[in-house]
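Structure record follows, encoded as structure tokens.
Since this is a predicted model, take the numbers as computed values, not measurements.
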Amino acid sequence: MPKSKRNRPVTLSKTKKKGREHKENVVNAIRESVEKYDSVYVFTFENMRNLKFKEFRDQLKSSSRFFLGSNKVMQVALGRSVADEIRPGLHKISKLLRGDSGLCFTSLPKEEVERLFNEYEDYDFARTGSIATEKVELNEGPLDQFTHEMEPFLRKQGMPVRLNKGVVELVSDFIVCEEGKPLSPEAARILVVYWV
């Protein structure tokens with residue numbers, strides 16, 4: 001059959017697959033950590049920012065090692081059943097690796113680890129789809145927190161605004177988000193500029 005001459009999309013990205021070698025390196029690193037550290041913890045996360053996690057990881061760098069990635073690769077490293085586990089009882093930990101989770105190998109005592117994880121909380125702006133924790137309503141009138149350059153941006157986000165003598169003015173009351181409802185992309189962007 002002749003080769004088709006119709007237009008086909010061609011990807012221009014040059015990303016290389018990590019492949020089997022990378023997975024084997026992760027498995028070996030996890031197995032080395034099992035031998036090096038006294039205990040292992042499974043932690044779960046949601047809506048995690050890489051920079052914030054990096055800061056937390058740096059706090060514990062001297063006494064701990066974190067692994068994030070494919071749950072199946074981590075399960076293989078620990079052992080999925082009694083027959084292939086590398087230490088007694090580790091196959092039970094591999095069953096806990098579900099969804100957004102990771103491993104923390106550490107030599108710290110249990111109370112210290114729990115305290116560090118419970119105390120660490122960092123606030124950041126809500127993303128699209130996050131559930132709003134409160135109702136944010138902007139009242140009609142001048143919006144002094146926004147500069148005149150922000151007016152076109154605010155109009156693009158659906159806000160009824162106009163410039164009045166160089167001051168951004170809200171033409172009518174505007175509800176940015178309702179408590180308990182997911183944030184729209186526009187609401188998330190407005191909240192970022194509103195709270196800055």
message: Working note: Glu137 + Val176, criterion side chain to side chain contact (heavy atoms under 4.5 Å, CB included); need CA distance, chi angles, decisive distance, verdict.
response: CA-CA 6 Å; Glu137 186 175 2; Val176 179; over 6 Å; no
Residue pair [X] / [Y], side-chain heavy-atom distance below 4.5 Å:
X	Y	answer
Thr133	Glu179	no
Leu116	Leu108	yes
Glu24	His22	no
Leu183	Thr128	no
Leu60	Thr106	no
Met159	Leu143	yes
Glu134	Glu178	no
Ser64	Phe105	no

message: Counting neighbours of NZ on Lys110 that are heavy atoms of other residues, nucleotides or ligands and sit closer than 6.0 Å, is the number greater than 12?
response: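 Open.
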task: Flag yes if more than 12 heavy atoms outside Arg20 fall under 6.0 Å of its CZ atom; otherwise flag no.
output: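 Atom CZ in Arg20 is not packed in, count stays at 12 or less.
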Hydrophobic cluster membership, with links at side-chain heavy-atom distances under 4.5 Å among I/L/V/M/F/W/Y: are [X] and [Y] in one?
X	Y	value
Val113	Leu103	no
Met74	Leu90	yes
Phe174	Val167	no
Leu68	Phe117	yes

How long is the span from the [atom1] atom in [X] to the [atom2] atom in [Y], to the nearest 0.5 Å?
X	Y	atom1	atom2	value
Phe67	Cys104	CZ	SG	10.0 Å
Lys181	Lys135	NZ	NZ	9.5 Å
Leu138	Asp173	CG	CG	9.0 Å
Ile86	Glu35	CD1	CD	6.0 Å
His91	Arg80	NE2	CZ	13.0 Å
Asp84	Ser81	CG	OG	3.5 Å

task: Could you tell me whether a side-chain N or O of Ser101 sits under 3.5 Å from a main-chain N or O of Leu97, the two making a donor and an acceptor?
output: no
task: Could you tell me whether a side-chain N or O of Glu169 sits under 3.5 Å from a main-chain N or O of Leu163, the two making a donor and an acceptor?
output: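 Such a contact is absent between Glu169 side chain and Leu163 backbone.
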Closest approach of [X] to [Y] (non-hydrogen atoms, all atoms of both residues):
X	Y	answer
Gly102	Phe45	N-CE2, 4.4 Å
Cys177	Leu191	SG-CD1, 4.2 Å
Leu170	Asn139	CD2-O, 3.4 Å
Leu96	Val42	O-CG1, 4.0 Å
Ser94	Gly79	OG-O, 3.0 Å
Arg115	Glu112	NH2-OE2, 2.8 Å

message: Between Val34 and Arg87, is the side chain to side chain contact (heavy atoms under 4.5 Å, CB included) condition met? List the steps.
response: CA-CA 8 Å; Val34 168; Arg87 267 207 186 156; 4.1 Å; yes
message: Could you go through Arg189 and Glu186, starting from their C-alpha distance and side-chain angles, then the distance that decides it, and tell me whether this counts as side chain to side chain contact (heavy atoms under 4.5 Å, CB included)?
response: CA-CA 5 Å; Arg189 281 187 227 113; Glu186 294 80 19; 4.3 Å; yes
- prompt: Hey, mind stepping through Val40 and Ile93 against side chain to side chain contact (heavy atoms under 4.5 Å, CB included) and telling me if it holds?
  reply: CA-CA 9 Å; Val40 60; Ile93 292 172; 3.2 Å; yes
Residue among Phe53, Tyr41, Tyr37 satisfying ring pair (Phe, Tyr, Trp, His ring centres under 6.0 Å) with Phe66: Phe53
